[in-house]
Amino acid sequence: MLKPDLRFLVIDDFSTMRKIVRKALTEMGHANVEEAADGQIAWDLLKLCRADDCYAKTPFVMVTAEGEQKQIIQALKLDCTDYLIKPYATNAIKEKITKLLNEIANQEAA
Amino acid sequence: MSAAKTVNFVSPLLRAEVFEAFVESVEYTIRTMTTLKLTAEPPQAFFGMQSQSDIAGVVGITSDENRGSLILSFSKSAILEIHNQVLGETETELSQSVADIVGEMSNMIYGSSKSKLNQIGYNFQMSLPTIVSGRFEFFHKSKSSTVTLPFTINDQHKFTVSISVE
């Protein structure tokens, strides 16, 4: 079930990729989407959230090019929730977000 | 404007496995992100290679032993077809959004190719793409020949992937 208060932050250096993710989220019914254009922010934000009890469980999905395995490992070490390899179809983003939201809903229900 | 000369010599560094990795990556990227019809044409080898286009993504290819460049050169119509289908927009000019998708595609194609090639013993490093917009020709500064992989979208829109390694 969609939660109207769900907020998404899409961070990517390239506007195109932010648009693709925003489009997928909008098609899923999520209208509360913000964007940031500096990929470094994502790393800083992940570290800050994980170090703060209030935001420690905020889900993060990293989207990266196939050749960036080091980044994936680094993200997982920082407790990034999940990742997606570019290129991807829009449906892949939707499936990833749906899976994540279902997991959160199940955790909250438990 | 000097025409590039087609030659038989191809750098030994540009083996079939390298072409195949790049062709597969281009096909995978386009087919994953769009439903456009993509046709790969036979590769061409040039010396003092030139690459003509309206917009291009340039990626430096570096490893411990090798150095070179990857250039994705798009005609305006080809990149607009890709851009508009990926984003569901009707862009008609080479905007920043179009430049961004060239950058992302360059990144994805090089990243995917690099990953394939490094699994079989190459050691290519990741590199950030540079976007060049405008009607122009590229000349690779490489001492070796350059291989160009031509592609056609929907039977009419052209783009090429040029690789030069020395």
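Reminder, nothing fancy here: chain letters follow the sequence lines and each chain counts from 1.
- In this structure, A/Ile104 and A/Pro59 approach most closely via the heavy-atom pair CD1-CG, 3.4 Å.
- Of the residues listed (B/Glu81, B/Glu93, B/Glu91), the one engaging B/Lys76 in a salt bridge (charged side-chain N to carboxylate O under 4.0 Å, His left out) is B/Glu93, and it is the only one.
- Per-residue heavy-atom pair counts under 4.5 Å with chain A were compared for B/Ile101, B/Val98, B/Ile109, B/Asn118, and the maximum is reached by B/Ile101.
- Residue contact with chain B, scored on non-hydrogen atoms closer than 4.5 Å, is absent for A/Asn91.
- For A/Lys19, the parts lying near chain B are the backbone and the side chain together; criterion is any non-hydrogen pair under 4.5 Å.
- Using cut-offs of 30° and 60° on the angle between ring planes, the pair B/Phe22 and B/Tyr110 is parallel.
- Of the listed residues (A/Asp12, A/Thr90, A/Ile20, A/Asp13), the one with the most heavy-atom contacts under 4.5 Å to chain B is A/Ile20.
- Between the B/Arg31 side chain and the B/Leu36 main chain, no donor and acceptor come within less than 3.5 Å of each other.
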